[in-house]
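No hydrogens, no waters, no symmetry mates; every other heavy atom, side chains included, goes into these values.
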Amino acid sequence: MRVWLGEHAFIDYPAVDASNAAWFEAAMRRQFRACRVTNDPDPAVGTVAVAGST
């Protein structure tokens with residue numbers, strides 16, 4: 001999750017899970033209404049296999 005001022009990210013929050021990132025994103029949207037807020041998956045993390053999934 002990042003908060004941007006123009007082309008500069010001034011908050012970069014690597015959330016542990018998607019629900020935590022979504023909560024933080026909503027909070028930052030309320031706090032920084034004039035700034036762009038993005039919530040994209042971290043490509044460096046990759047995917048984690050869940051037991052029982054195929």
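Listed by chain and number, the residues in a salt bridge (Lys or Arg N to Asp or Glu O under 4.0 Å) with Arg36 amount to none (sequence neighbours excluded). Taking Ala15 as the reference, Tyr13, Asn20, Ala21 meet the side chain to side chain contact (heavy atoms under 4.5 Å, CB included) condition, with sequence neighbours excluded. Taking Ile11 as the reference, Met1, Val3, Phe24, Met28, Phe32 meet the side chain to side chain contact (heavy atoms under 4.5 Å, CB included) condition, with sequence neighbours excluded. Qualifying side chain to side chain donor-acceptor pair (under 3.5 Å) partners for Asp40, counting only residues two or more places apart in sequence or in other chains: none. Evaluation of the side chain to side chain contact (heavy atoms under 4.5 Å, CB included) rule for Ala26 yields Arg30 as partners, not counting sequence neighbours. Residues passing the side chain to side chain contact (heavy atoms under 4.5 Å, CB included) test with Arg33: none are found, sequence neighbours excluded. With sequence neighbours excluded, the residues that form a salt bridge (Lys or Arg N to Asp or Glu O under 4.0 Å) with Asp12 are Arg2. Trp23 is linked by a side chain to side chain donor-acceptor pair (under 3.5 Å) to nothing, counting only residues two or more places apart in sequence or in another chain.
Screening residues 20-29 for salt bridge (charged side-chain N to carboxylate O under 4.0 Å, His left out) gives Glu25-Arg29 as the qualifying pairs, with residues at least two apart or on separate chains.
Of all heavy-atom pairs spanning Trp4 and Cys35, the tightest one is O-CB, 3.1 Å.
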